[in-house]
Every structure is written in C-alpha cells, then in structure tokens.
Amino acid sequence: MDLIKKLEDLTVRFAEVTKMVADPELVKDQKKYKDVMRENQYLSDLMVLYDEYKRILKGIEDDTLMITKEDDAEMKEMAREELKELEEQQPKIEEQIKLKLIPPDPLDEKNIILEIRSAAGGDEASLFVRDLWEMYSHLAERKGWKTETMEAQETEVGGFNKIVTNISGKFVYGTLRWESGVHRVQRVPATESQGRLQTSTATVAVLPEADETEIVIKPEDVRVDVMRAGGPGGQCVNTTDSAVRLTHIPTGLVVIQQDEKSQHKNKAKAFQILRARLFDLEESKKQAERSASRKTMVGSGARSEKIRTYNFPQDRITDHRINLSLHNLPSFMMGNMDEMLDALNVYAKEEQLAE
C-alpha cells in the first residue's frame, strides 16, 4: 500500500532526525536548529498517528482471523463487534494521516501584523473594524498570544478607520492565514432610528512578520520623512516631529507611524510594518507562480475577495470560500472561532492533497 510505504520511509527519516536533534553541534547553526526541531515535531506527531493506524490494521487482521478460525460463538461475536468498530476507525485515521502528510509551512510558526481597515459603510464600517479587532483580540487572549497595537486611527463614533496590531505566539500565522480579504457585516446600526438593515465592509490583511535577515531593506531604497503627529487625541504628541513616513522607492509602498511620542519608536515600528509588507509581497508572487495553473479557492488571499458575511439579524456567519455557515454569532465575535478556522485549514490541506 502506498500509504504504508510512505509512512515507513518517514519512520526511517524520523530516526535520522532524532539523531540530529541529539547532536550538540546542531545548536551552533540556529537556522538549521529551528528547521530540524520543526521537522522533528512534525514527524513525531505523524509517528503517533502511524502507531494508532498499525494498531487498527493489526486488530482488523486478528479479528478477521478469529471469525474464520474460532469455534466459540461468543468469541466470534465479540470479534465481529470489534471488527466493525475498527473498520469504521480505519478511513478516519487514514484521512488524518493523509492531511498530516502535507509538510507544515515554515511560515505557519510566524508572528503576524494584522491590519484591519474600514471599507464601504462610513461610521458603521469603522464600528465593524473595532468589532473585528476585538474578535481577534479575544481569540489571541484565549490562545495565550501577545498583542501590541502599532497604529490606531479612531473615529468620532468610537470605531477605527484603521488599526494595526502585532500578534505573537505559537502558530499565529498558521491559525489566521486565511483571514485576509473583505469581511461583510449586515445589521441595523445603533444610529439607525428606522430599523433599516445596513451592509458594511472591512478589509483584513494578515501579514507574516519578517525579520531583518529575511527582508533586507537598503537605506538608499527608503525615503524617511518626519512630521508632526496628527489625528484625534494628540495634543501632547503634536508638539514635536515624532511621526515618521517611510516611502519604499522600488515598490511605492508607504508606511506612516505616529502612535508613539518617540520618533525613534515610530521609525522602528514603521520599518517592522514595511518589512512585513515587503515579505507578504514576495510570498504573494511565489504563491501566484505556484498557483498559475489552478485557482485556489481558499488560498488566493486577494484583498478584494469577499470571504465572509456576518449577518446579525439571522445569527449567522458564512464563509463563502468553503460554503460553511455557523449560527453562533455572539460567541464567534468573542473569539470562539476555532470551528471556522479549523475547517478553513482542513479545506486548504485537502486542496493541496488534490494538487
């Protein structure tokens, strides 16, 4: 069987990787160390599934033999019951293994920069941006991730035109990578006296964070401008030239950072965001090349793609890429998103498997 052959080959590889992990010289090369440890964890998880799979196959073999050879009617009946149970488990574990056979993307372990912007809908769209930001913040709290607001453009009604957050922790990008796109809300705004339903939209961008070794920005490629910080709530920051605008000349990307009182801190944050955007640009190009022959439903990540609708009157969240609707909107907005996020990740892996 091809699956068994593949798993046996990976068992040999696991033994090799286990030896590499035990080598004290490995830690001297940090990049190699991270790669080896990631592969070791991946293969270790796979071996647990393989052990369970072998137990099921052995059980099926033993029970089948007992049914044909055993004279005791009671023992035969017990074997039949167990065989039925094991035969139900077999396709499920095979599916788990097939999905697990897709090697993890190294990007999955990365921290992210999450950008949420209001799109169509005026004040109501800005309030929806706040709702989405709070939703992801609740999720981060549940997961034990750390969040840091890097930029926030508040509106007079208490929403955000734009909010940028750094989220760091375990498997952040791997969890949220499919959240990029247009999110649509349908509800009656608090300001609507006639009770009319309004549709508003916000865009979400999930950018894997890049370190300085991954994206090298040449000083001559960036124009740095400093200015007085503006916007709501800022008398104390408006007295000095603390705001920083970076213009990346080769790509035309512009990053403005003014949330900190210190010009130095604003500049550091601006470069952090610029690196993430440049890294995302590179990754998008690679993905476009890989997917040139086939449009990926989940993985296109186009910023203009409408991916999800939050319908408050009907208590329904619908993800349009995988045609999944859930009816737990208040809980979902409190960050209980696992069912949706897991379904997206499984769907994406199934697409890779089909490819």
Side-chain angles (χ1 to χ4, degrees), residues 5-52 96-97 99-114 140 143-148 150 165-177 206-222 246 248 250-251 253 255 264-265 267-287 289-290 299 345 348-349 352:
K5 172 71 170 67
K6 179 72 175 167
L7 289 166
E8 281 301 314
D9 289 346
L10 288 170
T11 302
V12 173
R13 176 61 184 163
F14 183 48
E16 292 170 358
V17 172
T18 303
K19 280 184 186 175
M20 291 165 73
V21 168
D23 183 357
E25 294 292 306
L26 182 64
V27 291
K28 292 179 180 177
D29 184 339
Q30 277 298 300
K31 186 181 184 307
K32 188 178 179 184
Y33 173 76
K34 284 181 184 176
D35 290 343
V36 169
M37 294 306 290
R38 187 186 298 116
E39 187 180 5
N40 182 63
Q41 184 61 58
Y42 162 66
L43 291 172
S44 179
D45 293 346
L46 197 53
M47 290 304 110
V48 171
L49 286 174
Y50 187 28
D51 286 343
E52 177 65 8
Q96 279 182 277
I97 289 168
L99 291 174
K100 190 71 180 174
L101 280 172
I102 299 165
D105 188 333
L107 294 183
D108 287 347
E109 294 293 336
K110 283 190 168 291
N111 299 329
I112 66 164
I113 289 175
L114 177 73
K143 299 275 187 187
W145 297 339
K146 183 184 172 188
T147 60
E148 181 194 2
M150 303 183 75
T165 308
N166 178 254
I167 305 180
S168 56
K170 187 176 170 61
F171 207 69
V172 181
Y173 185 67
T175 304
L176 294 176
R177 67 186 303 164
V206 178
L207 310 176
E209 197 174 19
D211 59 42
E212 291 180 33
T213 59
E214 289 171 307
I215 292 291
V216 178
I217 301 173
K218 297 176 186 174
E220 63 268 24
D221 284 348
V222 181
L246 303 182
H248 188 250
T251 60
L253 286 173
V255 178
H264 177 73
K265 286 182 180 176
K267 189 175 179 182
K269 282 188 175 182
F271 268 103
Q272 191 181 355
I273 294 169
L274 180 59
R275 268 196 301 274
R277 288 186 184 166
L278 289 170
F279 188 77
D280 184 57
L281 209 58
E282 286 300 310
E283 286 301 314
S284 298
K285 282 179 191 171
K286 287 180 194 171
Q287 193 171 336
E289 286 164 14
R290 287 195 292 263
N345 275 307
K349 283 195 170 186
Q352 279 182 272

Check [X] against [Y] and note the closest heavy-atom contact, atom names and distance.
X: Ser168; Y: Asn111; result: CA-OD1, 3.2 Å
X: Val27; Y: Gln30; result: O-NE2, 3.0 Å
X: Ala276; Y: Leu207; result: CB-CB, 4.1 Å
X: Leu274; Y: Val222; result: CD2-CG2, 4.3 Å
X: Ile167; Y: Ala140; result: CG2-CB, 4.4 Å
X: Phe171; Y: Trp145; result: O-CZ2, 4.0 Å

Apply side chain to side chain contact (heavy atoms under 4.5 Å, CB included) to the pair Asn166 and Lys146, showing each step before the final yes or no.
CA-CA 8 Å; Asn166 178 254; Lys146 183 184 172 188; over 6 Å; no
Mind checking the [atom1]-[atom2] spacing from [X] to [Y]? Nearest 0.5 Å is all I need.
X: Gln272; Y: Ile113; atom1: CD; atom2: CD1; answer: 4.5 Å
X: Arg177; Y: Asp108; atom1: CZ; atom2: CG; answer: 5.0 Å
X: Glu39; Y: Tyr42; atom1: CD; atom2: OH; answer: 8.5 Å
X: Thr11; Y: Leu7; atom1: OG1; atom2: CG; answer: 6.5 Å
X: Tyr33; Y: Glu25; atom1: OH; atom2: CD; answer: 14.0 Å
X: Leu114; Y: Thr147; atom1: CG; atom2: OG1; answer: 10.0 Å

Do the charged groups of Arg277 and Asp280 touch, with an N to O distance under 4.0 Å?
no
With side chains defined as the heavy atoms from C-beta onward, is the minimum distance between [X] and [Y] less than 4.5 Å?
X: Leu10; Y: Met47; result: yes
X: Leu278; Y: Arg275; result: no
X: Asp23; Y: Lys19; result: no

How far apart are the C-alpha atoms of Met37 and Val21, what are their side-chain angles, what is the distance that settles it, and do they pass the side chain to side chain contact (heavy atoms under 4.5 Å, CB included) test?
CA-CA 7 Å; Met37 294 306 290; Val21 168; 4.0 Å; yes
Residues, nucleotides or ligands: over 12 heavy atoms within 6.0 Å of Lys267 NZ
no
Quiz question: by atom type and distance under 3.5 Å, do the side chains of Tyr173 and Glu209 form a donor-acceptor pair?
no
Criterion side-chain hydrogen bond (donor to acceptor under 3.5 Å, both in side chains) against Asp9, the qualifying member of Lys6, Lys5, Arg13:
Lys5
